[in-house]
Amino acid sequence: MTVRTVSQLPRDPGPAAWNDILGPGARYPEAEGDITADWLVIGGGFAGLSAAKRLSELRGGDDIIILEATRIGAGPAGRNSGFMIDLPHELGADSYAASEEIDRKQIALNRHAQAFAKANAAEFDMPAEAVAEVGRVNGAVNAHGKAHNDAYAAHLANLGEAFTQMDAAAMQEMTGSEFYSSGLFMPGAVMLQPALYIRALAEGLTQKQSHPVSLYEQSPALSFTQQADSWLIETPKAKIKAKYVIMAVNGHAESFGFYKNRLMHVFTYASMTEALTDDQQQRLGGQKSWGITPSDPMGSTIRRHDGIGGNRIIVRNRWTFDPEMTVSDKRIAAFGRDQDASFQARFPMLHDVKMAYRWSGRLCLSRNSVPAFGEVEQNWFSACCQNGLGTAKGTLAGIGAVDLATKANSPIVQDLLSYDAPQKLPPRPLSTIGANIVLKWREFKAGAEL
Ligand SMILES: Cc1cc2nc3c(=O)[nH]c(=O)nc-3n(C[C@H](O)[C@H](O)[C@H](O)COP(=O)(O)OP(=O)(O)OC[C@H]3O[C@@H](n4cnc5c(N)ncnc54)[C@H](O)[C@@H]3O)c2cc1C
């Protein structure tokens, strides 16, 4: 029996701001000693926790374990911008939309993920800000952005989807800023406080179910061995024997030896302000919470959020391709200056507001925008590679992996199994240089939207 080692563990650059502003959360033990379970879920993000929830629904009497390498809410799940988007949002392309038929199917599936999150919020009594049905706006700053939005709106009209065009005055009324010349409001987006949702889901799974899930933090899977009728997974202090494994580690699937040279490890960067004072909020005006995605996919995402951590503004922009799966503090600081510039351009009246947090986070894309999904070895299921939109797609992948493993032939499984395998990447350093040139060119084209 060959022991296979996990080549690299996750390193999360900078703080997970959404998690930090909540204050300390529940702590879960480290895995220790010999443990046996029916199901082992590796990874405590959207995919992993959704898998554990689905398992609790379908196999409530089984023993279910989750291993998280770091802390719940500290990984990409607690560092994303929290847009759980129903509509097509293809990050790898020049526009967000694909073909009508593909888009209709994706919308239905994304709405299934949203409904799953909303049901979890209700079942586990989450605060309203964890999962809020408030919609989002594609903001435009000039004719180029407006053209993007108009093309997208025409596509939505064909699909029979609701939207509202906003002029500069309506944008200012919402944001307090004169920056945007127009916008496209889409009511179906669900906005998450991502760390709050993930924490509350973990708490619900471990504390609010009649047959609770066992969750271990700071317990990375270090190696794994296939045995006659089970898998043996070793962590620093435990040996875990499980019949079925759901691997929900997004791009780190490659660290487990799967999908080698087929996954693109991309980082994006963000800053979050300190909590705005009453005076600053008054100066800003506008609504207390809203979310703007850029009309050009490479522009800045801006969000104002009101909740447990106060009223804050979050700016996310810049993309880099980093196959080593790590980025330097120097890079975060340099891109932080871009976020400051984006903030000042939009909110000159908030010249005295400082950024309290700066961070970066991993995403996993494939060249042909397909998931890394399926039974990759006997009873070892992959729920990885969310192609950017992991709040919805990770949720679907986690549910889908369980449906596949339990032979529940759901539309999610049918969809996730319908794709080709992730395409091979060109050899390094060609792929790194090529991908970074494309990203820089597309950022340059997004220009004013940064
Ligand atoms: C700044 C930023 C903004 C973003 N904005 C959005 C957004 O607005 N909307 C959206 O949909 N998506 C957004 N994303 C992407 C989204 O965060 C990811 O797609 C999503 O987190 C993927 O979910 P996941 O569960 O597949 O993986 P992850 O959230 O990465 O979870 C995988 C977990 O596996 C753990 N793990 C890895 N290796 C091991 C191991 N060996 N043993 C045990 N555990 C392990 C990791 O620590 C991690 O917690 C954003 C990402 C970033 C960085």
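In each ligand, atom 1 is the first atom listed, and ligand 1 is the first ligand listed.
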Aromatic contact, Phe224 with Phe256 (centres under 6.0 Å):
yes
Is there any N or O on [X] that sits under 3.5 Å from an N or O of ligand 1?
X: Thr268; answer: no
X: Phe46; answer: yes
X: Thr391; answer: yes
X: Ala392; answer: no

SB check [X] [Y] (cutoff 4.0 Å):
X: Glu123; Y: Lys118; answer: no
X: Arg362; Y: Asp12; answer: yes
X: Asp38; Y: Lys243; answer: no
X: Arg312; Y: Glu274; answer: no
X: Asp322; Y: Arg331; answer: yes
X: Arg111; Y: Glu161; answer: yes
X: Lys239; Y: Asp34; answer: no

Out of Gly291, Gly361, Gly45, indicate the one that has the non-hydrogen atom closest to atom 31 (O) of ligand 1.
Gly45
Judged by heavy atoms only, the candidate from Ala113, Pro76, Ser7 nearest atom 28 (P) of ligand 1 is Pro76
Nearest protein heavy atom with distance in Å, relative to [atom]:
atom: atom 47 (O) of ligand 1; answer: Glu68 OE2, 2.6 Å
atom: atom 15 (C) of ligand 1; answer: Gly388 O, 3.0 Å
atom: atom 5 (N) of ligand 1; answer: Ser81 N, 2.9 Å
atom: atom 45 (C) of ligand 1; answer: Ala69 CB, 3.5 Å
atom: atom 1 (C) of ligand 1; answer: Arg79 O, 3.2 Å

Which ligand 1 atoms does Leu9 reach within 4.0 Å, using its non-hydrogen atoms?
41 (N)
Within a distance under 4.0 Å of any heavy atom of Gly43, pick out the atoms of ligand 1 and give their elements.
33 (C), 34 (O), 35 (C), 44 (N)
With heavy atoms and a 4.0 Å threshold, my read on which part of Leu363 contacts ligand 1 is side chain
Under 4.0 Å between heavy atoms, the region of Ala397 that gets near ligand 1 turns out to be neither
Distance under 6.0 Å and angle within 45° of ring axis: Arg136 vs Phe83
no
Residue-ligand contact Phe256/ligand 1, heavy atom below 4.0 Å
yes
